[in-house]
2 protein chains.
Amino acid sequence: MANIIQPTDAELKILTLLWRHGAMSVRQINEKLNNEKEVGYTTTLKIMQIMLEKGLLTRDTELKSHIYSANIQETNVKNKMIKNLVNQVFGGSRSNLVMQVLGNSNASLEEINEIKEYIKFLESKNKTEE
Amino acid sequence: MANIIQPTDAELKILTLLWRHGAMSVRQINEKLNNEKEVGYTTTLKIMQIMLEKGLLTRDTELKSHIYSANIQETNVKNKMIKNLVNQVFGGSRSNLVMQVLGNSNASLEEINEIKEYIKFLESKNKTEE
DNA sequence: GGTGCAGTACGAAAGTTTTCGTAATTAAGA
DNA sequence: TCTTAATTACGAAAACTTTCGTACTGCACC
């Protein structure tokens with residue numbers, strides 16, 4: 001399996017938009033980015049061209065305005081980022097991370113219930129597999 | 001409360017060593033860093049001087065070789081990093097992060113049990129507070 | 001065919017972080 | 001006191017990311 005590259009901040013924002021909304025032109029991405037923070041069109045274009053080089057994106061050049069797609073799996077990137085965080089500051093222990101999240105200040109009852117449900121689901125899934 | 005600065009990668013490594021092992025000289029930090037990856041002594045020194053300026057560290061200059069301490073709480077930094085990750089790629093939902101961690105490949109039974117225990121503890125703590 | 005508009009390509013500047021060379025400083029021992 | 005070794009101070013280069021200006025391209029419309 002190819003090693004997952006850790007995207008930069010700007011790259012991550014673009015990937016997130018593509019994961020969420022599907023393939024888009026530079027113009028469309030740039031407009032969405034501008035909802036949060038003003039950024040020039042050619043800036044966005046340049047970043048996306050770099051991402052293309054790195055293999056983070058692919059594009060369809062049929063039309064005049066090229067259509068870009070993410071070429072890296074959302075789950076993989078997220079897992080990679082979690083792994084980095086866990087290794088950097090949680091001594092490699094994922095449960096330490098989870099406990100820090102839950103223990104922190106205002107983990108709502110709702111969130112905790114959601115997680116309990118999910119654990120139940122995982123456990124039932126494991127049972128089935130045995 | 002003062003706004004927590006997000007430390008850079010190099011800064012985070014140094015903070016982690018100070019949190020884990022307590023106050024140290026630049027020489028000592030540099031040696032520990034070199035266990036992982038070769039880095040020049042003056043590089044480490046420079047980073048630590050910058051961290052001092054930013055207020056991330058304090059130092060005792062009594063002795064010739066200055067002794068540095070972390071001046072920022074481990075928990076605060078970790079929470080800040082979690083918050084950033086959650087905002088960047090989990091749409092602000094902490095439970096999404098937790099579920100991604102748990103659901104990922106090989107969350108061991110042991111880890112899950114650890115987390116279940118912790119949730120029980122949180123719930124009992126809440127009950128007591130009511 | 002010429003003009004204008006929207007897009008792409010690309011180099012280079014600006015900003016940030018990391019790295020390191022070199023000079024200044026201090027302390028200890030000959 | 002002089003020399004040496006370890007340390008600190010500091011500027012600047014190197015590396016990486018983001019930003020943008022400008023030139024080039026292709027197409028539609030007149």
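So that the names make sense, note that chain A is the first sequence line, chain B the second, and so on, each numbered from 1.
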Rounded interatomic separation in angstrom, taking [atom1] from [X] and [atom2] from [N]:
| X | N | atom1 | atom2 | answer |
| --- | --- | --- | --- | --- |
| B/Met48 | D/dC10 | CE | C1' | 17 Å |
| B/Leu52 | D/dT8 | CG | P | 12 Å |
| A/Gln49 | D/dT25 | CD | C1' | 13 Å |
| B/Gln28 | D/dT7 | CD | C1' | 13 Å |
| B/His66 | D/dC10 | NE2 | P | 12 Å |
| B/Leu63 | C/dT25 | CG | C1' | 16 Å |
| B/Glu53 | C/dT16 | CD | C1' | 15 Å |
| B/Leu57 | D/dT8 | CG | P | 13 Å |

Selection from [options] that lies nearest to any side-chain heavy atom of [X]:
| X | options | result |
| --- | --- | --- |
| A/Asp9 | D/dT18, D/dG26, D/dA5 | D/dT18 |
| B/Val26 | D/dT8, C/dG7, C/dT26 | D/dT8 |
| B/Lys64 | C/dA27, D/dC10, C/dT8 | C/dA27 |

Report task. Over all heavy atoms of both residues, which pair between A/Gly40 and A/Asn30 is shortest? Give the atoms and the distance, please. Result ->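 Reported closest heavy-atom pair: O-ND2, 3.4 Å.
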Query raised in the report: Is there side-chain contact between B/Thr58 and B/Tyr68, with at least one heavy-atom pair below 4.5 Å?
Result: no
Query raised in the report: With side chains defined as the heavy atoms from C-beta onward, is the minimum distance between B/Asn84 and B/Lys80 less than 4.5 Å?
Result: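 Touching, per the 4.5 Å side-chain cut-off.
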Query - Ionic contact status for A/Glu36 with A/Lys13, cut-off 4.0 Å - result: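 The answer is no: the pair does not qualify as a salt bridge.
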Report task. May I ask you to say whether B/Lys78 pairs ionically with B/Glu74, meaning some side-chain N is under 4.0 Å from a carboxylate O? Result -> yes
Query raised in the report: With sugar-phosphate meaning primed atoms plus P, OP1 and OP2, does B/Glu11 contact a base, only sugar-phosphate, or nothing at under 4.0 Å between heavy atoms?
Result: nothing
Query raised in the report: For D/dA9, does OP1 or OP2 lie under 4.0 Å from any side-chain N or O of B/Arg59?
Result: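 So the side-chain polar atoms of B/Arg59 do come within 4.0 Å of the phosphate oxygens OP1 or OP2 of D/dA9, strictly under.
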Query raised in the report: Quick one: is D/dT7 close enough that its OP1 or OP2 comes under 4.0 Å of any side-chain N or O from B/Arg27?
Result: yes
**Report entry** Derivation and outcome, side-chain contact (heavy atoms from CB on, under 4.5 Å), residues A/Val89 and B/Val77
**Finding:** CA-CA 9 Å; A/Val89 294; B/Val77 173; 5.8 Å; no
**Report entry** side chain to side chain contact (heavy atoms under 4.5 Å, CB included) involving A/Asn87 - partner list, sequence neighbours excluded
**Finding:** A/Lys83
Check nucleotides 19-24 of chain D against the protein and report each pair of N or O atoms closer than 3.5 Å, with its distance, or say if there are none.
unit_1 : atom_1 : unit_2  : atom_2 : d
D/dT19 : OP1    : A/Lys37 : NZ     : 3.2
D/dC20 : OP2    : A/Gly40 : N      : 3.2
D/dC20 : OP2    : A/Thr43 : OG1    : 3.3

